Amino acid sequence: MPELPEVETVVRDLRPAVSQQRVTGIWVGPHSLRRIWQPEWSEQVAGDTILGLTRRGKWMRMPMQRGGELLWHLGMTGQMTVHAISDPLADHLHLRMQWESGHELRFRDIRRFGSVDWFASSAQLDAFLAERLGPEPFDLTDSQLAAALQRTTRPIKAALLDQLIVAGVGNIYADEALFRAHLPPQKPANQLTADEITQLRLAIVHVIEHAIDGRGSTIRNYVGGSGLEGSYQDEHQVYGRTDQPCRNCATAIHCVRIAGRSSHYCPQCQPESLAVQAATAPAKRKRRG
DNA sequence: CCGACGTCCTGCTAGC
DNA sequence: TGCTAGCAGGACGTCG
């Protein structure tokens, strides 16, 4: 499940390979992605040259020389890799962008939660992202985070998944950051103290930075732009470690559902207040109907 | 307005 | 051994 560190790894891997490539054609697969590729976009992109590849949150933007931009999202299982046009095709391919060089960019996505979008101008894309994304973790300030958390009574875990509060954090790094900050995921966002907010912000930056250093976490299908898997999953303290001993205190890691997502935490290292405990303890596991 | 929950999608796997 | 229900979750729509 690509989050900021995985997307950053893909961008760093791909940027040298895609930059200055001149597009000769687009091939679109029979199954639509989250957004349907419009045939006229192919005409817009053909003959244009890629200027680069940058990341914002979990999105990747690919500016073109004529002023348009492509916007990519890997969803859950998206993969972007560069191949010779003649290379054998994998299954679940949804888009191939062919270049004058004889190479092409391939977008593969098993679960089709990903998307590729065309924007006629950078200003339109700026506006699209501005209404969906808050600050990058590295740019986030204590006062920004405090103001955003003050506005909501949602569990802090749910707030961290909100891309308008901080861009790029997903389920894995939200759990890891909360562990590092010694905060239980159930704690209402507006009940964090100023010190807890600082610790949480530092924890987010720490886990994101170290995950980027490890080329992200490979849980199921994730690979970087070079096709290499990540290694940060070996550093996970709580995510995916239900019933396993906490690496700090050996207490069994708990798993609860918050905001519809599995949330892993150590009940010893991330103690809940008595009030929160009483409110959430009975709801250990919820089935969906 | 806010927050909780459902939806999409496919591969894997726990459990019978 | 074979079948299937359930689970994984990012973004977004809907409902109370």
Side-chain angles (χ1 to χ4, degrees), chain A residues 1-8 10 29-36 55-61 71-80 90-95 107-117 125 128-134 137 147-178 185-191 208 211 216-223 229-230 233 236 238-243 253 255-264 276 279-280 283-289:
Chain A
M1 44 231 63
E3 304 178 24
L4 191 159
E6 292 75 26
V7 179
E8 180 65 25
V10 170
H31 298 281
S32 68
L33 293 168
R34 173 166 265 280
R35 295 170 196 280
I36 297 167
R55 182 195 58 74
R56 176 79 171 90
K58 301 171 196 169
W59 301 86
M60 283 172 277
R61 50 194 298 177
L71 181 67
W72 308 74
H73 198 296
L74 297 176
M76 285 284 295
T77 52
Q79 301 175 349
M80 285 166 77
D91 53 3
H92 303 294
L93 271 180
H94 299 107
L95 190 137
F107 188 92
R108 175 175 188 255
D109 186 358
I110 295 171
R111 253 175 274 183
R112 293 159 55 198
F113 277 23
S115 65
V116 190
D117 259 295
L125 179 46
F128 178 89
L129 293 177
E131 65 184 35
R132 285 169 175 77
L133 299 177
L149 297 184
Q150 197 58 49
R151 282 194 287 269
T152 180
T153 60
R154 281 180 295 170
I156 184 61
K157 168 67 183 283
L160 288 182
L161 296 177
D162 184 341
Q163 300 298 295
L164 280 166
I165 293 181
V166 54
V169 175
N171 206 39
I172 295 173
Y173 300 107
D175 282 3
E176 294 298 318
L178 288 168
Q186 306 91 334
K187 184 156 184 165
N190 64 353
Q191 288 181 19
I208 295 279
S217 305
T218 292
I219 301 296
R220 284 178 188 82
N221 301 284
Y222 166 77
V223 293
E229 298 189 342
Q233 66 278 2
H236 291 178
V238 286
Y239 182 84
R241 300 194 65 246
T242 307
D243 294 335
I253 300 300
C255 182
V256 295
R257 286 197 87 77
I258 298 172
R261 300 291 170 249
S262 59
S263 302
H264 312 74
V276 171
T280 59
K284 184 170 183 181
R285 208 169 197 94
K286 200 179 171 186
R287 305 186 337 109
R288 59 176 192 176

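Only this structure's heavy atoms are used, side chains among them; waters, hydrogens and symmetry mates stay out. Predicted model, so just to flag it, every value in this text is computed and none were measured. So that the names make sense, note that chain A is the first sequence line, chain B the second, and so on, each numbered from 1.
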ask   = Which one, dA11(C), dG3(B), dG10(C), comes nearest to the side chain of Q163(A)?
value = dA11(C)
message = Just to verify, what does R56(A) make a salt bridge (Lys or Arg N to Asp or Glu O under 4.0 Å) with, not counting sequence neighbours?
response = E136(A)
task = Name the nucleic acid region contacted by S115(A), choosing base, sugar-phosphate or nothing; use a 4.0 angstrom heavy-atom cut-off, strictly under.
result = nothing
N/O to N/O distances under 3.5 Å, protein versus nucleotides 12-16 of chain C:
from    : atom 1 : to      : atom 2 : distance (Å)
dC12(C) : OP1    : R35(A)  : NH2    : 2.9
dC12(C) : OP1    : R132(A) : NE     : 3.1
dC12(C) : OP2    : R132(A) : NE     : 3.4

With L164(A) via side chain to side chain contact (heavy atoms under 4.5 Å, CB included) - residues at least two apart = D162(A)
query = Which residues pass the side chain to side chain donor-acceptor pair (under 3.5 Å) test with Q163(A), sequence neighbours left out?
reply = none
ask   = Who are the side chain to side chain donor-acceptor pair (under 3.5 Å) partners of S115(A), not counting sequence neighbours?
value = none
Partner set under salt bridge (Lys or Arg N to Asp or Glu O under 4.0 Å) for K58(A), not counting sequence neighbours = none
Kindly give the atom pairs (protein nitrogen or oxygen, nucleotide nitrogen or oxygen) under 3.5 Å for nucleotides 13-16 of chain B.
none

inquiry  = With a 4.0 Å cutoff (strictly under), does any side-chain N or O of T152(A) reach OP1 or OP2 of dG3(B)?
reply    = yes
task = Would you work out how much the helix from dC2(B)-dG16(C) to dC16(B)-dG2(C) bends between its ends, with each end axis defined by five base pairs, to 10 degrees?
result = 60°
ask   = For H73(A) and dA11(C), is the shortest distance between a side-chain N/O and OP1 or OP2 below 4.0 Å?
value = yes
Side chain of R154(A) (C-beta onward), nearest among dG3(B), dA8(C), dG11(B) = dG3(B)
query = With a 4.0 Å cut-off on heavy atoms, is H92(A) in touch with a base, just the backbone sugar-phosphate, or nothing at all?
reply = sugar-phosphate
query = What pairs with H92(A) under side chain to side chain donor-acceptor pair (under 3.5 Å), at least two apart in sequence or on another chain?
reply = none
inquiry  = Suppose we screen for salt bridge (Lys or Arg N to Asp or Glu O under 4.0 Å). Which residues come up paired with R35(A), at least two apart in sequence or across chains?
reply    = D117(A)
query = Looking at residues at least two apart in the chain, or sitting in another chain, which of them share a side chain to side chain contact (heavy atoms under 4.5 Å, CB included) with T153(A)?
reply = N190(A)
task = Apply side chain to side chain contact (heavy atoms under 4.5 Å, CB included) to A174(A) and list each qualifying residue two or more places apart in sequence or on a separate chain.
result = K157(A), L160(A), L161(A), V169(A)
message = Is it the case that the side chains of H94(A) and D109(A) hold a donor-acceptor pair, with the cut-off being a distance below 3.5 Å and no angle test?
response = no
inquiry  = Any side-chain N or O of T77(A) below 4.0 angstrom from OP1/OP2 of dT10(B)?
reply    = no
